[in-house]
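Have a look at the structure below, then the notes.
By convention here, the first residue in the shown sequence is residue 1. Everything numeric in this text was worked out from a predicted model, so none of it was measured.
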Amino acid sequence: MGIKERKDRDREEMKKLILDTSLKLFTEEGFGKVSMRKIASKMEYSPGTIYLYFKNKDEILYELHNIAFDKFYSEQMKIKDIEDPMEKLIKHGEIYIDFALKNTEYYDLMFIMNATGFEIAKKEEWKVGFRTFDYLKSNVQECFDAGYFKGDDVMAATIATWSLVHGIVSLYIRNRLAMIPENYVRHMMSESMKFFFENLKKQNKK
């Protein structure tokens with residue numbers, strides 16, 4: 001390995017350390033309570049080192065946000081070959097739940113943490129978010145085309161679908177499902193989602 005390759009590798013490793021440390025602090029303490037100095041202290045580096053990679057914590061947050069959505073989109077692509085649109089939509093929901101439970105810190109940053117939304121608004125773009133949303137929307141459109149849903153408001157149906165699964169996940173992540181035995185929660189989340197879609201399918205197929 002040459003000098004340039006080694007420097008590039010070292011730079012990527014340091015950047016990853018900054019991002020991983022920041023993600024943990026943002027989710028544990030809240031974005032507003034975390035400073036660049038606190039991130040540096042957690043890493044046992046000087047604040048100046050962090051500024052070599054990111055100009056402020058907003059930039060760190062936005063980078064983490066992009067990484068999270070890229071990871072989620074890769075998971076979404078696992079269902080692209082499912083032919084039946086309703087089966088695909090249910091599997092879509094399963095992937096969403098699994099991603100949230102396996103990546104709770106990323107999920108918090110993507111869909112719950114207010115600061116992320118503020119940074120998106122400042123950037124005036126949300127390409128990675130739109131990409132994942134558009135893929136869900138296309139799946140819902142397929143369900144309409146196949147006769148599973150009635151009406152023609154695809155956007156409303158997409159938001160309703162997303163809200164349903166997000167609500168289920170958020171209740172769990174925010175510890176609002178204490179009435180459900182822990183060893184049954186994951187099964188319950190899946191069954192709750194299927195209950196909604198299966199009954200909707202039966203109603204609309206009449």
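A heavy-atom distance below 4.5 Å is not found between the side chains of Y73 and V128. In this structure, the side chains of F149 and L89 come closer than 4.5 Å at one or more pairs of heavy atoms. Inter-residue side-chain proximity for E63 and Y53 is flagged as unmet; no heavy-atom pair is nearer than 4.5 Å. For the pair M189/L171, no side-chain contact is recorded, criterion being any heavy-atom separation below 4.5 Å from C-beta on. Residues F197 and L164 form a side-chain contact, since some pair of their non-hydrogen atoms from C-beta on lies under 4.5 Å apart. Annotation: side chain of Y172 is not in contact with side chain of I97 (no heavy-atom distance under 4.5 Å). In this structure, the side chains of H166 and Y107 come closer than 4.5 Å at one or more pairs of heavy atoms. Put simply, the side chain of Y96 does not reach to within 4.5 Å of the side chain of L136, judged on heavy atoms.
Side-chain atoms of S170 do not come within 3.5 Å of backbone N or O of G167 as any donor-acceptor pair. Side-chain atoms of R37 never come within 3.5 Å of backbone atoms of S35 as a donor-acceptor pair (strictly under, hydrogens ignored). Listed for the D108 side chain is no donor-acceptor partner under 3.5 Å among the backbone atoms of T104. Judged by distance alone, the side chain of E87 and the main-chain N or O of I82 form no donor-acceptor pair under 3.5 Å. A donor-acceptor pair is defined here as one N or O able to donate and one able to accept, closer than 3.5 Å; no such pair exists between the side chain of T21 and the backbone of I18. Formation of a donor-acceptor pair under 3.5 Å by the K57 side chain with backbone atoms of V34 is found in this model.
Counting only residues at least two apart or on different chains, the salt bridge (Lys or Arg N to Asp or Glu O under 4.0 Å) pairs with a member in residues 129-149 are D70-R131, K88-E142.
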Run the side chain to side chain contact (heavy atoms under 4.5 Å, CB included) check on M77 and Y135 step by step: do they pass?
CA-CA 9 Å; M77 290 301 98; Y135 191 69; 3.5 Å; yes

Might you work through the side chain to side chain contact (heavy atoms under 4.5 Å, CB included) test for M110 and N103, ending with a clear yes or no?
CA-CA 10 Å; M110 292 163 73; N103 302 275; over 6 Å; no

Begin from the C-alpha positions of E198 and K194 and carry the test salt bridge (Lys or Arg N to Asp or Glu O under 4.0 Å) through to its verdict.
CA-CA 6 Å; E198 291 294 342; K194 289 178 181 177; over 6 Å; no

Working note: L17 + Y45, criterion side chain to side chain contact (heavy atoms under 4.5 Å, CB included); need CA distance, chi angles, decisive distance, verdict.
CA-CA 11 Å; L17 178 60; Y45 281 86; 4.0 Å; yes

Start with the C-alpha gap between I67 and L23, add the side-chain angles, then the distance that decides, and say whether side chain to side chain contact (heavy atoms under 4.5 Å, CB included) holds.
CA-CA 11 Å; I67 291 170; L23 178 61; over 6 Å; no

Go through the steps to decide whether E94 and R186 satisfy the test salt bridge (Lys or Arg N to Asp or Glu O under 4.0 Å), and finish with yes or no.
CA-CA 10 Å; E94 293 283 1; R186 178 61 186 86; 2.8 Å; yes

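In this model, no donor atom of one side chain and acceptor atom of the other lie less than 3.5 Å apart for T161 and T158.
A chain of hydrophobic side-chain contacts below 4.5 Å, direct or via other Ile, Leu, Val, Met, Phe, Trp or Tyr residues, connects F144 to M155. M179 and F195 fall into different hydrophobic clusters, where Ile, Leu, Val, Met, Phe, Trp and Tyr residues are linked whenever their side-chain heavy atoms come under 4.5 Å apart, directly or through other members.
H187 and Y184 have tilted rings, their planes meeting at an angle from 30° to 60° on a 0 to 90° scale.
Rounding to the nearest 0.5 angstrom, the gap separating the CE atom in M14 from the CE atom in M43 is 5.0 Å. To the nearest 0.5 Å, atom NZ of residue K38 and atom OG of residue S22 are 12.0 Å apart. Of the inter-residue distances, the one linking E75 atom CD with H92 atom NE2 reads 11.0 Å to the nearest 0.5 angstrom. Interatomic distance, NZ of K55 versus CD1 of I60, reported as 12.0 Å (0.5 Å rounding). How far NZ of K42 is from CG of D20: 12.5 Å, rounded to the nearest 0.5 Å. Expressed to the nearest 0.5 Å, how far CD of E28 lies from NZ of K33 amounts to 12.5 Å.
Environment of CD in E13: crowded, with over 12 heavy atoms of neighbouring residues, nucleotides or ligands closer than 6.0 Å. More than 12 non-hydrogen atoms from other residues, nucleotides or ligands lie less than 6.0 angstrom from CG of D10. Counting non-hydrogen atoms of other residues, nucleotides and ligands closer than 6.0 Å to CD of E44 gives a total of 12 or fewer. In the displayed structure, F133 atom CZ is contacted under 6.0 Å by more than 12 heavy atoms of other residues, nucleotides or ligands.
Minimum heavy-atom separation, F54 to E59: CA-OE1, 3.3 Å. A pairwise comparison of heavy atoms in I168 and S192 identifies CD1-CB, 4.0 Å as the closest pair. Of all non-hydrogen atoms in Y148 and P85, the two that sit nearest each other are CE1-CG, 3.8 Å.
In summary, K15 and E12 do not engage in a salt bridge, as defined by a charged side-chain N under 4.0 Å from a carboxylate O.
Taking the six-membered ring for Trp, F69 and Y106 have ring centres at least 6.0 Å apart.
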